[in-house]
Number of protein chains: 2
Amino acid sequence: MHLEKQAKKILSFPRSQPEEVQALQDTIYVIGGKWRLPIINSICNGNKRFRDIQRSIPGITTRMLSRELKEMELNKLITRTVYADIPVSVEYESTDYCKTFGPIILAMIDWGKKHKKKITGKG
Amino acid sequence: MHLEKQAKKILSFPRSQPEEVQALQDTIYVIGGKWRLPIINSICNGNKRFRDIQRSIPGITTRMLSRELKEMELNKLITRTVYADIPVSVEYESTDYCKTFGPIILAMIDWGKKHKKKITGKG
DNA sequence: ATACCAGGTATACTCTGTTATACTGGTTAC
DNA sequence: GTAACCAGTATAACAGAGTATACCTGGTAT
């Protein structure tokens, strides 16, 4: 299998079996939108509080964050815990499932860093 | 409480420096949308002709494909070559720049395959 | 008293990505 | 002559992601 892959490396990455296209489209669907991945990244990096998460993501509004968090909780990507402290505090935490996005996020951060000039210096 | 939180900073993937958030958001911006990545994947896998690319991506319309291809050509992600053959033929090819998306696409295909059940069997 | 923090909700609007459908112009096949 | 393939363009319309702005409850600080 791996040998086969190496051998067929005429192209820079693997052939597009319908199954792989489907997998790709599925993934795009679940991480769809502008905010999902930045939010996952933020929470996986230790931000637990609503305002902390918001502050860590430039440009996001409370409305969008609120909406995304709700849907992510429904989809078991995060947990939401309310602590009946003196002033009630709320904490969001990533589930193991959520952490499976790690490789994708890392690949994207890596790409973004490497291609900073091309983006900023566009005209 | 606060001390515990600080201590728990041994997390599953790296700390979210503002720089990394920015990189992530940049990447999301350039690959934004439903079709960009599937198209890149298709072309990088050897599809060159308009109809071949279209057939390889379930659900895409000629309009969307046409639009995306134009913008991708502008952004130097692909090249478009017209051959003055008997019936004129057009070939799209990926640039080296385009191929830098490989790791992201691969990570996403991988994720999609692994989480097929969760998506399809969702309720 | 008032101004600010946390954790949001409510309303309204915009924008554009996406869909649907039809059509063009040229070529080859039956 | 008509049907099908290539490589698209044209037009219209929609859905919902995203934005903007204001507001609410409750606590805390000065």
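No hydrogens, no waters, no symmetry mates; every other heavy atom, side chains included, goes into these values. Sequence lines set the chain letters: A, B, ... in the order given, protein chains first and strands last, and positions in each chain run from 1.
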For a quick check, tell me whether the side chain of A:Thr62 and the base of C:dT9 share a donor-acceptor pair closer than 3.5 Å.
yes

Separation of A:Leu69 atom CG from C:dA6 atom P, in whole Å?
15 Å

Phosphate-side-chain proximity, B:Tyr83 and D:dA7, N/O vs OP1/OP2 below 4.0 Å:
no

Ignoring backbone atoms, establish whether B:Lys70 has a side-chain N or O less than 4.0 Å from OP1 or OP2 of D:dG8.
no

Same hydrophobic cluster for A:Leu74 and A:Ile78, using side-chain heavy-atom links shorter than 4.5 Å among ILVMFWY?
no

Atom pair distance, as rounded to whole Å: CE in A:Met64 and P in D:dG16
14 Å

Given C:dG8, D:dG18, D:dG8, identify the nucleotide with an atom nearest to the side chain of A:Arg67.
D:dG18

Does the side chain of B:Val30 reach to within under 4.5 Å of the side chain of A:His115, using non-hydrogen atoms?
no

If each of A:Val88 and A:Ile60 is mapped to the nucleotide of DNA chain D with the nearest heavy atom, which maps nearer the 5' terminus, i.e. the 5' end?
A:Ile60

Show, in sequence, the C-alpha distance, side-chain angles and deciding distance for A:Lys116 and B:Gln22, and conclude whether the side-chain contact (heavy atoms from CB on, under 4.5 Å) test is met.
CA-CA 10 Å; A:Lys116 192 174 180 147; B:Gln22 189 54 57; 5.5 Å; no

May I ask you to decide if the ring planes of B:Phe101 and A:Trp111 are parallel, tilted or perpendicular, using 30° and 60° as cut-offs?
parallel

A:Glu68 atom CD is separated from C:dG8 atom C1', nearest whole Å, by 15 Å

Comparing B:Arg63 and B:Tyr92 on DNA chain D - which has the more 5′ nearest nucleotide
B:Tyr92

Of all the nucleotides listed (C:dA6, C:dT19, D:dG8), which has the minimum atom distance to the side chain of A:Arg49?
C:dA6

Assess the residue pair A:Arg55 and A:Asp52 against the criterion (salt bridge (charged side-chain N to carboxylate O under 4.0 Å, His left out)); give the C-alpha distance rounded to whole Å, side-chain angles, the decisive distance to 0.1 Å, and a yes or no.
CA-CA 5 Å; A:Arg55 269 188 291 268; A:Asp52 288 341; 3.1 Å; yes

To the nearest Å, how far apart are A:Leu65 CG and D:dA17 P?
16 Å

How would you label the contact of A:Arg80 with the nucleic acid (heavy atoms, under 4.0 Å): base, sugar-phosphate, or nothing?
sugar-phosphate

By nearest atom, which of the nucleotides D:dG8, C:dT19, D:dT9 is closest to the B:Ser66 side chain?
D:dT9

Strictly below 4.0 Å: does A:Arg55 bring a side-chain N or O up to OP1 or OP2 of C:dA6?
yes

Between CG of B:Asp52 and C1' of D:dC6 the distance, given in whole Å, is 10 Å

